[in-house]
Amino acid sequence: MAERIRTLVVDDEPVARAGMRRLLEADPDIEIAGEAGNGHAAVQAIRELRPDLLLLDVQMPELDGFEVLEAIGVDAAPVIVFVTAYDQFAIRAFEVRALDYLLKPFEDDRFATVMERAKRQVRRERDDQLVDRLTSLLAQYEAGPSQPRRQAEAGLARIMVKEGGRVFFQPVDEIDWIEAADYYARIHVGRTTHLVRESLSTLESQLDPSRFVRIHRSAIVNVARVRELRPDWRNRSVVVLTDGSELPVSRSRRDHLERAMQGKGGPP
């Protein structure tokens with residue numbers, strides 16, 4: 001049986017919390033992690049309980065829903081569904097990367113539809129994190145016991161590319177990013193791409209980890225080419241490269257990327 005989705009209900013109206021709890025308790029996929037009746041209590045509960053899903057009222061005493069997100073940080077927030085009686089907040093809710101918006105009073109069918117979408121999103125994020133962990137373990141296994149020594153060295157300076165009957169060596173300093181292509185890897189150099197007969201995990205183990213960082217199961221970036229790190233409309237982190245490319249960053253790898261961008265390098 002799949003792991004249940006831990007959900008936190010935040011609303012200053014006890015009747016509203018009771019109504020949402022009733023609907024959630026009828027869903028076998030949901031575990032109610034807790035409740036909060038004001039903004040400060042919500043911030044504390046999110047930090048302590050670390051829910052997967054947050055049903056968040058907008059207008060509350062002390063801190064409103066948007067101030068709650070500001071306090072915990074959008075990148076640290078779980079999947080968010082705003083719940084409010086005022087439709088004028090809808091646009092702003094999506095600007096802070098909310099997944100959906102429930103306008104009170106809502107029908108049970110509408111609640112069920114939103115919850116199905118929220119559960120799919122939580123499961124996608126869990127799958128991404130699991131694949132990231134497995135990929136990292138596989139890379140360590142493929143690299144073998146000599147990996148720490150290789151990582152302490154400068155790493156590859158050039159990558160051999162076989163293309164059109166010729167062989168040439170691509171300097172790694174010129175690479176913008178590398179993406180997985182089944183059992184191969186595709187190197188992006190400006191507007192040019194090259195397919196190499198190496199897996200992304202193999203290249204990751206050979207490149208200097210202070211200069212090339214795995215940001216997702218399917219992408220490695222040259223830290224020197226990162227122009228910006230920001231959230232996208234789905235509340236996921238993305239990097240913007242100097243060539244304009246936008247690539248997703250998994251939550252489990254964001255800290256590693258930030259350390260490398262600050263010149264601290266090394267594995268997570």
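Because the structure is a prediction, the values reported are computed rather than measured.
The shortest distance between side-chain heavy atoms of E25 and I32 falls below 4.5 Å. Taking the side chain as every heavy atom from C-beta outward, D64 and E67 approach each other to under 4.5 Å. Residues I178 and E204 have side chains not in contact (no heavy-atom distance under 4.5 Å, counting atoms from C-beta outward). H188 places none of its side-chain heavy atoms less than 4.5 Å from the side chain of D243. You'll find the side chain of E258 reaches within 4.5 Å of the side chain of R254, heavy atoms only. No side-chain heavy atom of V9 sits less than 4.5 Å from a side-chain heavy atom of R21. V213 has its side chain out of reach of V226: every pair of non-hydrogen atoms, C-beta onward, lies at least 4.5 Å apart. Contact of the K104 side chain with the D11 side chain is registered, since non-hydrogen atoms from C-beta on lie closer than 4.5 Å.
The main-chain N or O of R217 is found under 3.5 Å from a side-chain atom of R214 such that the two form a donor-acceptor pair. Between the side chain of D52 and the backbone N or O of I5, no donor-acceptor pair lies under 3.5 Å.
Atom CG of L53 sits about 11.5 Å away from atom CZ of R6, to the nearest 0.5 Å. To the nearest 0.5 Å, atom CG of residue L63 and atom CG of residue L69 are 10.5 Å apart. Rounding to the nearest 0.5 Å places NE2 of H194 at 15.5 Å from NZ of K162. Here the CG-CD1 distance, from L8 to I80, works out to 11.5 Å after rounding to the nearest 0.5 Å. L229 contributes atom CG, which lies 11.5 Å from atom CG of L247 (distance to the nearest 0.5 angstrom). From F82, atom CZ reaches atom CG of L55 across 11.5 Å, with rounding to the nearest 0.5 Å.
Ring orientation note: the planes of F111 and F106 are close to parallel, at an angle under 30° on the 30°/60° scale.
Across every non-hydrogen atom of P51 and A45, the tightest pair is CD-O, 4.5 Å. Residues A219 and L200 come closest through the heavy atom pair N-CD2, 3.5 Å. Across every non-hydrogen atom of V238 and P248, the tightest pair is CG1-CA, 4.1 Å. The heavy-atom pair separating V10 from N38 by the smallest distance is CG1-O, 4.5 Å. Here the shortest heavy-atom pairing between A118 and V81 reads CB-CG2, 4.3 Å.
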Checklist entry - After noting the C-alpha distance and the side-chain angles of D57 and T84, does the key distance pass the side-chain contact (heavy atoms from CB on, under 4.5 Å) rule? => result CA-CA 5 Å; D57 190 14; T84 181; 4.2 Å; yes

Next on the checklist: V172 vs D208, test: side-chain contact (heavy atoms from CB on, under 4.5 Å). Steps then yes/no.
Outcome noted: CA-CA 10 Å; V172 300; D208 182 349; over 6 Å; no

Next on the checklist: Under the criterion side-chain contact (heavy atoms from CB on, under 4.5 Å), I'd like the reasoning laid out for M115 against I30: C-alpha separation, chi angles, the key distance, then a yes or no.
Outcome noted: CA-CA 10 Å; M115 287 302 299; I30 297 295; 3.6 Å; yes

Next on the checklist: side-chain contact (heavy atoms from CB on, under 4.5 Å) for K119 and D27? Distances and angles first, verdict last.
Outcome noted: CA-CA 11 Å; K119 289 188 292 185; D27 190 333; 2.9 Å; yes

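Residues L23 and V79 share a hydrophobic cluster, clusters being chains of Ile/Leu/Val/Met/Phe/Trp/Tyr side chains in contact below 4.5 Å. In the hydrophobic clustering of this structure, V221 does not group with V240; members are Ile, Leu, Val, Met, Phe, Trp, Tyr whose side-chain heavy atoms approach within less than 4.5 Å, directly or through other members. A continuous path of hydrophobic side-chain contacts links I72 to F66 [ILVMFWY only; heavy atoms under 4.5 Å].
Of the N and O atoms on the side chains of Q44 and R47, not one donor lies less than 3.5 Å from an acceptor on the other residue.
Atom CZ of R50 sits in a sparse spot, with 12 or fewer heavy atoms from other residues, nucleotides or ligands closer than 6.0 Å. More than 12 non-hydrogen atoms from other residues, nucleotides or ligands lie less than 6.0 angstrom from CD of E228. Within 6.0 Å of atom OH in Y184, 12 or fewer heavy atoms from other residues, nucleotides or ligands are found, so the atom counts as exposed in its surroundings.
Here R110 pairs with D100 in a salt bridge; the nearest charged N to carboxylate O distance falls below 4.0 Å.
In this structure D176 satisfies the salt bridge (Lys or Arg N to Asp or Glu O under 4.0 Å) test together with R225, sequence neighbours excluded.
Residue pairs meeting the salt bridge (Lys or Arg N to Asp or Glu O under 4.0 Å) criterion with at least one member in residues 186-198, sequence neighbours excluded: E179-R186.
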